[in-house]
Amino acid sequence: MPETLPLCLAEAFLPHPPKAMGVAVSGGSDSMALLHLLHEFCTMRQIRLHAVTVDHRLRAESAAEARHVARVCAEIDVPHDTLVWNGWRGEGNLQGVARHARYHKMALWAQGYGIDTIATGHTADDQAETVLMRLARRSGVDGLSAISRRSLREGVTWVRPLLQARRKVLRSYLSGRGIGWIDDPSNDDAQYDRIKARNALELLAPLGIDADALGEVAANMTAARKALDWHSFLVSKQFVSLDAGAVLIEESGFNLEPDEVQRRLLIRAINWVSRGYYAPRRAALSNVMTALSKGQATTLNGCHIRRIATRIWVFREYNAVRDTEVAINELWDGRWQLSNDEALPEASDLRIRALGLEGLEQCVGWRASGRPHVVLKSTPGVWQGDRLVAAPLAGFAQNWQAKLHEEPDTFFATLLSH
């Protein structure tokens with residue numbers, strides 16, 4: 001019932017609500033209901049609320065819809081911004097590419113306002129559709145746990161307070177208050193998997209396979225996932241170390257663990273090194289595990305995975321970064337910050353790029369670093385043209401320091417926060 005909706009928000013945010021919060025609003029019924037519910041919730045608790053709409057420019061009506069959301073926000077005195085994305089190039093999965101861009105743009109927007117929490121209007125219907133789609137993809141525990149009520153991505157906590165509410169309840173709430181919403185015509189387009197799943201649920205309902213049942217499956221899988229994550233975390237604290245931006249796993253301990261725990265450790269290692277969010281395809285990861293069992297090196301998602309001595313190293317693949325070049329005041333590969341405490345009068349012509357073989361040949365003492373040759377190739381160096389000025393990770397510091405932008409301990413945290 002609509003009167004239970006405020007309880008959903010209380011369960012999601014109390015007893016320690018954020019001081020400021022963002023809310024993603026597309027104009028559809030789910031997000032419009034969330035906007036008005038959050039407005040009441042935040043007003044009562046003096047929480048600063050900002051709304052954001054991402055206009056993907058994929059439909060002619062999208063700009064007008066964003067303006068409509070802006071007007072509604074203005075009426076209830078909620079600051080609103082529209083973020084435009086026009087990055088679709090006709091390659092890959094449209095919905096997947098758009099979703100990634102949406103999260104990225106909203107995360108940057110939130111950081112600009114000092115906001116670390118964004119609420120989205122996912123519902124029990126979205127959860128059921130997601131479980132059904134994951135079943136079609138033969139997903140495991142993680143996939144069938146579907147949409148999390150709370151997750152961490154790009155430095156922002158994403159909260160889905162209405163994940164147990166049905167869409168029809170939200171629409172009843174809006175209708176009872178005379179609040180309209182926009183129906184996206186793509187929600188009736190059966191070319192999309194989500195709409196196929198939505199239509200299939202109507203046929204499956206007589207078997208008891210409905211939103212409530214699939215939501216319970218997701219909850220059960222979430223409990224199983226949390227147990228696996230906790231065990232994987234404990235294993236990582238015992239057998240995993242970090243060095244030069246790479247993840248090192250003691251092979252003897254790794255081999256004693258069940259395949260599922262091995263898989264989870266590799267996923268987190270690959271995502272941490274490559275700054276990825278989604279797990280690699282199960283088949284691709286299976287190939288990596290097979291290669292490791294045979295003592296073979298392999299690559300996946302811009303990472304190089306190989307056995308070196310008694311440990312499995314997961315590090316940046318050189319080919320993934322060999323053309324990456326930035327100024328010395330910029331992040332290299334989105335991970336590394338290089339700095340020098342001394343004044344640099346000629347710093348304007350200094351650049352950061354991977355060492356490669358050319359750079360290692362100029363680091364006569366690289367062996368003293370204790371790091372493998374193949375690992376150092378993909379680490380950052382300071383260059384002046386073709387001359388290597390410094391390579392802090394390869395024993396050629398020259399008063400330069402290389403520091404990961406993300407604290408190393410976040411690797412272990414990711415085992416519990418996805």
Side-chain angles (χ1 to χ4, degrees), residues 140-142 224-277 279-318 320-321 333 335-336 355 360 366-380 392-395 402-418:
V141 171
D142 283 17
R225 190 202 72 205
K226 287 180 177 178
L228 283 166
D229 284 346
W230 178 247
H231 180 72
S232 300
F233 170 78
L234 295 178
V235 170
S236 73
K237 297 297 285 186
Q238 185 175 3
F239 297 115
V240 174
S241 59
L242 307 173
D243 182 51
V247 179
L248 290 65
I249 307 172
E250 291 293 340
E251 189 177 27
S252 58
F254 179 81
N255 289 340
L256 291 174
E257 295 301 321
D259 287 350
E260 179 62 20
V261 174
Q262 294 182 15
R263 192 182 72 84
R264 300 174 98 77
L265 288 176
L266 284 175
I267 288 172
R268 299 298 173 259
I270 290 168
N271 281 356
W272 189 72
V273 171
S274 66
R275 295 180 300 113
Y277 181 76
R281 295 286 185 183
R282 183 172 287 267
L285 196 65
S286 178
N287 290 338
V288 170
M289 294 176 71
T290 299
L292 286 174
S293 69
K294 297 178 179 179
Q296 299 171 347
T298 187
T299 60
L300 181 62
N301 290 12
C303 293
H304 193 142
I305 305 106
R306 67 187 299 165
R307 179 198 297 163
I308 302 176
T310 62
R311 292 181 289 192
I312 296 167
W313 285 69
V314 181
F315 55 97
R316 205 65 165 116
E317 180 188 3
Y318 173 65
V321 294
D333 192 29
R335 305 181 74 208
W336 289 103
L355 289 184
L360 278 176
W366 67 265
R367 289 178 178 82
S369 71
R371 292 163 182 149
H373 180 276
V374 67
V375 174
L376 290 173
K377 280 174 55 180
S378 57
T379 59
L393 300 173
K403 182 180 179 181
L404 283 169
H405 180 63
E406 186 177 40
E407 290 297 325
D409 280 351
T410 59
F411 166 79
F412 299 98
T414 60
L415 286 158
L416 300 174
S417 64
H418 79 296

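- Closest of all the heavy-atom pairs between Ser274 and Asn301 is CB-O, 3.3 Å.
- Inter-residue side-chain proximity for Asp142 and Arg264 is flagged as met; some heavy-atom pair is nearer than 4.5 Å.
- Residues satisfying the side-chain contact (heavy atoms from CB on, under 4.5 Å) test with Ser241, not counting sequence neighbours, are Leu248, Arg311.
- Within the 4.5 Å cutoff, the side chain of Phe239 has no heavy atoms near those of the Ile312 side chain.
- Here Glu257 contributes atom CD and Gln238 contributes atom CD; the two are 8.0 Å apart, rounded to the nearest 0.5 Å.
- Here the closest heavy-atom approach between residue Leu393 and residue Arg371 is recorded as O-NH1, 2.8 Å.
- Of all non-hydrogen atoms in Pro392 and Pro380, the two that sit nearest each other are CD-O, 4.2 Å.
- A distance of 11.0 Å separates OG1 in Thr414 from CG in Asp409, rounded to the nearest 0.5 Å.
- With a 4.5 Å cut-off on side-chain heavy atoms, Phe412 and Lys237 count as touching.
- Note: Trp313 and Phe315 have perpendicular aromatic rings, judged against thresholds of 30 and 60 degrees for the angle between ring planes.
- Judged by distance alone, the side chain of Ser378 and the main-chain N or O of Arg316 form a donor-acceptor pair under 3.5 Å.
- For the pair Leu376 and Ser369, the tightest heavy-atom approach, listed with the atom from each and the gap, is CD1-OG, 3.7 Å.
- For Arg263, the salt bridge (charged side-chain N to carboxylate O under 4.0 Å, His left out) partners are Glu260, not counting sequence neighbours.
- Not counting sequence neighbours, Arg335 has no partner by the salt bridge (charged side-chain N to carboxylate O under 4.0 Å, His left out) test.
- Between Val273 and Gly245 the shortest heavy-atom distance is CG2-O, 3.7 Å.
- Under the 3.5 Å distance criterion, the side-chain polar atoms of Thr290 are matched with a main-chain donor or acceptor of Ser286.
- Rounding to the nearest 0.5 Å gives a distance of 10.0 Å between CG of Leu285 and CD of Gln262.
- The closest side-chain heavy-atom distance from Leu415 to Asp229 is not below 4.5 Å.
- Residues Leu266 and Leu300 are not in side-chain contact: their nearest non-hydrogen atoms beyond the backbone lie 4.5 Å or more apart.
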Problem set entry | Derivation and outcome, side-chain contact (heavy atoms from CB on, under 4.5 Å), residues Phe254 and Val235 | CA-CA 8 Å; Phe254 179 81; Val235 170; over 6 Å; no
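- Within the 4.5 Å cutoff, no side-chain heavy atoms of Thr298 are placed close to those of Asn287.
- From Arg307, atom CZ reaches atom CD of Gln296 across 10.0 Å, with rounding to the nearest 0.5 Å.
- Here CZ of Arg225 is found 10.0 Å from CG of Leu228. Values are rounded to the nearest 0.5 Å.
- The two residues Trp366 and His373 make their nearest non-hydrogen contact at CH2-CB, 3.5 Å.
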Exercise. Can Ile308 and Val374 be said to form a side-chain contact (heavy atoms from CB on, under 4.5 Å), step by step?
Worked result: CA-CA 10 Å; Ile308 302 176; Val374 67; 4.2 Å; yes
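- Inter-residue side-chain proximity for Val247 and Leu242 is flagged as met; some heavy-atom pair is nearer than 4.5 Å.
- Summarising the geometry, atom CZ belonging to Arg367 is positioned 9.5 Å from atom CG belonging to Leu360; distances are rounded to the nearest 0.5 Å.
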